Every structure is written in structure tokens, then in C-alpha cells.
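The sequence lines fix the lettering, A, B, ..., with proteins before strands; numbering per chain opens at 1. Keep in mind that this is a model prediction, so the values were computed, not measured.
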2 protein chains.
Amino acid sequence: MCISIMLPGVGVFGTGQTVRTLVPLLQKEGFPVPAVWGHMQEEAESLANELDIPFSTSQTDDVLLHPEVHLVCILTPPPHTRQIAVKALGIGKNVISDQAATLTDACKMVTAARYYPQLMSIMGNSLRFLPAFVHMKHLLGEGYCGTLQVCEARVYGGSLLSQSYGWAWEELMGGGGLHKVGSCIIDLLSHLTGRRAMQVHGILRTFVRQGGPGGGIRSVTADDYACFQLQMSGGVVCSVTLNFNLPGTDLHEVMLVGSSGRLIARGTELYGQRINMQVEELLLNDDGGTRGGVGPSVSGLNAMVTQLRLSFQAQEDRRSWARHPVSMAATFEDGLYVQTVVDAIKRSNRTGEWESVEVKIQDIDPNHNHRTLLN
Amino acid sequence: MCISIMLPGVGVFGTGQTVRTLVPLLQKEGFPVPAVWGHMQEEAESLANELDIPFSTSQTDDVLLHPEVHLVCILTPPPHTRQIAVKALGIGKNVISDQAATLTDACKMVTAARYYPQLMSIMGNSLRFLPAFVHMKHLLGEGYCGTLQVCEARVYGGSLLSQSYGWAWEELMGGGGLHKVGSCIIDLLSHLTGRRAMQVHGILRTFVRQGGPGGGIRSVTADDYACFQLQMSGGVVCSVTLNFNLPGTDLHEVMLVGSSGRLIARGTELYGQRINMQVEELLLNDDGGTRGGVGPSVSGLNAMVTQLRLSFQAQEDRRSWARHPVSMAATFEDGLYVQTVVDAIKRSNRTGEWESVEVKIQDIDPNHNHRTLLN
């Protein structure tokens with residue numbers, strides 16, 4: 001295994017479920033994971049014990065400056081994301097990051113990524129790596145659907161709220177289905193279609209306002225239902241429905257409809273039906289090498305880690321990486337686009353109007369208030 | 001069969017597919033069908049031969065004044081509907097009617113229905129009679145879902161266009177998925193929930209503008225894709241997607257989501273899942289007595305005809321009817337509400353804004369232009 005010796009050490013930020021999934025996948029591919037950061041020292045320690053990570057801390061610098069950390073994975077609560085990402089790039093570490101909390105943060109991340117073009121700076125939307133979507137994009141490009149008309153995406157599931165009060169309850173801290181799940185779908189739709197939203201319209205609702213017994217008098221502001229439409233360039237219409245009041249359901253469906261056929265990803269499986277076919281054909285049944293039933297996010301994460309290995313292996317040092325294996329990843333610029341769309345949907349929910357999507361790096365008002373009106 | 005002797009003779013207007021389905025169902029239940037009207041004499045004759053109807057004509061009065069016709073079923077192109085319905089009521093016939101073409105027409109039908117309250121005047125939306133929706137409404141009323149939050153409806157299928165140019169191509173003549181199928185869904189959602197839309201927002205598209213070789217230079221104006229949201233009283237959100245660019249698909253799904261469970265009708269089957277259940281339960285698998293696979297419209301039609309028999313049988317004469325068996329039917333007032341919502345969705349598609357739904361019987365401007373802008 002002399003190849004894997006050259007893989008970079010990964011410093012992980014965050015203690016949530018995605019970290020619990022990601023770290024074993026990294027270790028399986030041969031990435032050392034020498035350090036983990038958590039907001040609370042005990043959480044970090046407990047996670048480190050559980051996942052066999054030698055070092056844990058609640059000080060971000062302890063991970064960022066760790067001599068064996070060359071790649072940083074940021075899976076923190078969104079309000080922490082920007083600060084860690086910008087600092088990591090500033091001290092020469094490669095970065096994979098979740099969506100930041102605000103447009104201002106997304107802009108600062110883009111500025112940092114542009115300033116260090118040789119460093120890896122990619123968004124952690126693993127759906128782009130899921131074989132079903134890789135194949136979907138390929139078939140779309142080959143003309144399977146003809147002229148694209150409509151994209152539909154639906155994600156249904158149980159509550160995204162934490163048991164006790166936390167950022168997931170707060171819309172302003174990046175909580176809610178639109179920010180957490182909608183961001184990945186918005187990014188995926190632009191990736192698959194090669195088009196971006198020009199105008200958006202949406203409804204957001206918080207049907208469950210009381211998060212649980214640990215919440216006390218605090219009320220949930222993060223959305224648990226979102227229904228939005230994107231008018232993409234070229235006349236393509238995207239319609240997305242997210243509903244997290246459906247415990248016991250785990251639906252993740254993306255459908256592209258064109259003039260001569262359609263492609264449908266259900267979970268990790270890809271189906272298609274050309275206009276002259278009587279029934280759907282199964283085009284791909286791939287759970288990304290993991291055992292069945294893990295869902296598109298985890299399977300995508302698995303595929304992403306494999307591509308990361310391919311990017312880093314056979315390089316001269318632990319900091320170098322090849323671009324091709326991760327060329328399908330979302331850049332920080334894509335992350336800024338996604339955050340711009342998310343903000344426009346929140347604006348549309350307030351105004352009731354179609355809102356334009358204008359991706360701008362400058363003139364960000366840091367005091368802009370993103371709070372959604374009560375509904 | 002002395003009961004069926006008292007069933008009224010049914011005069012049928014129209015020569016389309018629904019007529020071909022309805023007439024055998026009527027005959028099976030014991031209704032005589034003595035007369036059929038078609039826009040073209042040959043069409044009417046051909047249909048009469050096919051369905052064993054003794055008399056055919058292209059003159060509406062010939063059916064309306066036929067001495068053996070006591071009940072009139074109007075399944076014509078929408079521009080003919082109002083005239084026939086109003087005239088039929090005026091000469092004392094009971095009426096079942098499809099949606100008219102315009103708001104003005106819907107108003108005139110309501111005025112006529114109010115003027116003859118003893119006559120039957122119901123809309124032909126057969127979905128209200130489908131056992132899956134009858135049971136869904138019952139369970140919703142019993143509290144299966146808890147506090148209702150969201151309704152979602154999706155109907156996917158192949159083109160609604162006729163081979164050669166006709167009303168189905170023209171938005172102004174009542175063509176398009178929103179008018180033809182959306183009307184039934186809008187009506188069903190208000191029936192199931194007991195709520196009406198206060199504000200609506202929608203996107204309409206005509207992706208297929210060339211209808212076929214018989215169309216010459218004529219361009220289709222009727223929508224083949226509709227995506228709209230209804231804000232109902234009590235904070236309930238309805239989201240409806242209709243797509244008729246999906247040949248080979250036949251999806252008809254209505255889901256109600258509440259605080260403690262959900263109900264989902266897929267085709268003619270009803271499923272449910274309370275919040276504490278691990279998996280969905282099949283609550284009803286009923287195709288309305290017809291052979292399997294006929295779909296919700298036909299099964300609903302079958303159930304509707306049975307209720308009509310129950311309404312008319314055991315009455316003293318062929319004109320009398322009992323209200324209870326058809327109490328779940330949509331009234332002409334419901335038809336006016338539906339047309340008001342349809343018009344508001346078309347307006348929203350033009351303005352891009354949420355449009356209020358204000359059901360008004362007066363002050364209808366007969367020159368109001370309903371044309372949808374090109375997209």
C-alpha cells in the first residue's frame with residue numbers, strides 16, 4: 001500500500017452524523033484522520049474515541065495547524081464554516097466545505113478560493129459524485145431526453161431538528177430544509193443541466209414550531225417545508241418540493257423531462273424512459289460500493305472519497321492533487337451561486353414575487369437581514 | 001327489474017373518449033340512453049351505432065326536447081357546455097356537466113342552477129366519487145392526519161392534444177392540462193379538505209407547440225405543463241404538478257400530510273401512514289367494480305353512475321331524485337369556484353404574482369381576455 005502512504009492527513013471539523021459517516025469512509029480509502037474539532041470538548045473527545053481519531057479539540061487552530069493535517073473537511077454548524085474555510089486556505093490547506101450560513105460568508109469563501117487557486121477548495125455536495133447522477137448527466141449530454149423541458153425534485157423525510165435547541169432550529173444560522181437539503185438539490189440541478197436559475201419563486205413553512213422537550217420556550221424558525229420553482233436559462237423549469245414532516249419516509253427523487261425522454265433518479269437508482277418505450281428501463285442500480293439501503297447522500301459521500309483518493313494518490317507530496325478526479329465537484333463559486341438562490345427563495349417567500357438571481361461577489365451588505373417572516 | 005324501469009333516459013352530449021366510457025356504464029346500471037348529440041352529424045351517428053344508441057343528431061334541441069330524455073350529460077368541447085346546460089335546466093331537465101370554458105359561462109350556469117333548485121345540477125368531476133377519495137375524506141375527517149399541513153397532487157401522462165386541430169389546442173376554448181385535469185384536482189382538493197384557495201401562484205408552459213401533421217400552421221396555445229400552489233384557508237398549502245409530456249406514464253397521485261399522519265391516493269389505491277408507523281398501510285384497493293388498471297377517472301365514473309342510479313331509483317317519476325346518494329358531487333357553485341381558481345392561476349402565470357381568489361357571481365366582464373402570454 002505504498003500509494004496510500006502519500007495520501008494527506010484529513011482534519012475533520014464537526015461532530016454530526018455526516019462526520020460519523022465520512023471518517024470511516026476516509027479511513028477505508030487509506031486517508032489518515034489525525035484530528036477532529038468539536039464545538040464542545042466532550043463531544044470532540046467522544047467522537048475521537050468512537051472513530052479512532054488520535055487527537056480531539058475545541059480549538060480550531062489546533063486542527064488547522066496540526067502538522068499531519070493537509071486536507072480539511074468542514075462539516076460544522078454553518079455559522080462556523082466560513083471562518084474555518086478561509087483560515088484553512090490562508091495557511092495553505094486544501095479544503096472541502098459544507099455550505100456556509102450566509103451570502104456574506106459565501107462571498108468571503110470565494111474571495112479566499114480565488115486568492116489561492118492552487119489549493120483545493122470544493123463544496124461537499126456529495127450528490128454530484130453519486131453514480132446515478134454521474135450517469136444521468138452523461139446520458140443527458142448524449143441527448144437521451146432531447147430538449148430539456150422540466151426538472152422535478154422531491155425530498156421527503158423526518159424532522160431535521162436536533163433534540164435540544166441548536167443551530168438547526170434557527171433560520172438565521174443556516175437551519176432548515178431549504179438550506180441543508182435544498183442547497184444540495186439546487187447545486188445538483190445546475191450541475192446536471194449546465195444551466196443556472198435566472199428567477200426563483202418559493203413558499204417556505206415552519207409547521208413544527210416546538211422542537212422538543214429540550215427547547216424550552218424557544219420556537220423553531222427554520223423551515224420544515226419548502227416548495228420552490230426555478231426558471232433556468234433556456235426556458236427550463238425546475239420544481240422542487242422538500243417536506244421534513246414525513247417521518248418513516250425516505251424519498252429522494254430527481255426527474256429530468258425532455259422532448260424525447262426522461263431520466264429519473266430514485267434514491268441511488270437511475271431509471272429512464274425514451275418517448276417510444278412502453279415502460280421505464282433501469283439504467284443503474286448502484287449503491288456506491290456500500291451495503292444496500294444507505295441512501296444517496298451516503299453513497300455519494302462514498303463515491304466522493306474514492307475520487308479524492310484518486311486525486312491525491314500518486315502525487316509527489318501530500319498537498320498536491322490532480323484536478324481531473326474531482327472535476328465534477330462544486331467549487332466555492334458554485335457555493336456562492338447556491339447561496340444566492342437560497343437567499344432569493346427566502347426573499348420570494350417574503351415578497352410573494354419572482355426574485356431575480358444575481359450572483360455578485362461585491363457590495364454585500366453584512367447587515368442584511370435574512371430572517372423569514374412568520375407564516 | 002321493475003326498479004330500473006323508473007330510471008330516467010339519459011341524453012348524452014359529446015363524442016369523446018369519456019362518452020365512450022360513460023354510456024356503457026349507464027346502460028349497465030339500467031339507464032336507457034335514447035339520444036346522443038355530436039358537433040358533426042357523422043361523428044354522432046358513428047358513436048350511436050357503436051354504443052347502441054337509437055337516435056343521433058347534431059342539433060342540440062333534438063336531444064334536449066327528446067321526450068325520453070330526463071337527464072342530460074354534457075361532455076362536449078367546453079365552448080358548448082354553458083349553452084346546453086342552461087337550456088337543459090330551462091326546459092326542466094336534470095343536468096350533469098363538465099367544466100365550461102370561461103368564468104362568464106360558469107356564472108351563467110350558477111344563475112340557472114339557482115333558478116331551478118329542484119333540478120339536479122352537478123359537475124361531472126368523477127374523482128369525488130372514487131372510493132379511494134371517499135375513504136380519504138372520511139379518514140381525514142376522523143383525524144387520521146391530525147392538523148392538515150400540505151396537499152400535493154401530481155398527474156403525469158401523454159399528450160392531451162387531438163390528432164387534428166381542435167379545441168384541445170386552444171387555451172381560450174378550454175384546452176390544456178390546467179383546465180381539463182387541473183380543474184378536477186382543484187375541485188377534489190377543496191372537497192377533501194373542506195377548504196378553499198385564498199391565493200394562488202402558478203407557472204404554465206406549452207412545450208409542444210406543434211400539435212401534429214393535421215395542424216398545418218396552427219400553433220398550440222393550451223398548456224401541457226402546469227405547476228401551481230394554492231394557499232388554502234387555515235394555513236394549508238397545496239402544490240399541484242401536471243405534466244402531459246410523459247407518454248407511457250400514467251401517474252395520478254394525491255397526498256395529504258398532517259401533523260400526525262398522511263394519506264396518499266395512488267391511482268385508485270389508498271395508502272396511509274400515521275406518524276408512529278414504520279411503513280405505509282394499504283387502506284383501500286378498489287377499482288370501483290371495473291376490471292383492474294382503468295385508472296381513477298374511469299373508476300370514479302363507474303362509482304358516480306352507481307350513485308346516480310341510487311339517486312333516481314325508487315322515485316315516483318323519472319324526473320325525481322334523492323339528494324343523499326349524490327351529495328358528494330360538485331355543484332355548479334363549486335364549478336364556479338374551480339373556474340375562478342383556474343383563471344387566477346392563468347393570471348398569476350402572466351403577472352408572476354400571487355393572485356387572490358374571489359368567487360363572484362356578478363360583474364363578470366364578458367370581454368375579459370383569458371389568453372396566456374407566450375412563454
(request) Specify which of B/E152, B/H201, B/Q199 makes the most heavy-atom pairs with chain A at under 4.5 Å. (result) B/H201
(message) What residues of residues 177-194 of chain A make heavy-atom contacts with chain B at a cutoff under 4.5 angstrom?
(response) none
(request) Sort A/T249 into side chain, backbone, both or neither according to what part of it lies under 4.5 angstrom from a heavy atom of chain B. (result) both
(request) Enumerate the residue pairs fulfilling salt bridge (charged side-chain N to carboxylate O under 4.0 Å, His left out) with a member in residues 253-264 of chain B, sequence neighbours excluded, ordered by first and then second residue. (result) A/R154-B/E253, B/R154-B/E253, B/E253-B/R266
(message) Any non-hydrogen side-chain atom of A/D224 less than 4.5 Å from a side-chain atom of B/Q149?
(response) no
(request) Give me the contact list for residues 229-240 of chain A versus chain B, heavy atoms only, anything under 4.5 Å, ordered by residue number. (result) A/Q229, A/Q231, A/G235, A/V237, A/S239
(request) Could you tell me which residues in residues 274-282 of chain A have at least one non-hydrogen atom under 4.5 Å from a non-hydrogen atom of chain B, sorted by residue number? (result) A/I275, A/Q278
(message) Only pairs of heavy atoms separated by less than 4.5 Å count here; which of B/V150, B/T351, B/I203 has the most with chain A?
(response) B/V150
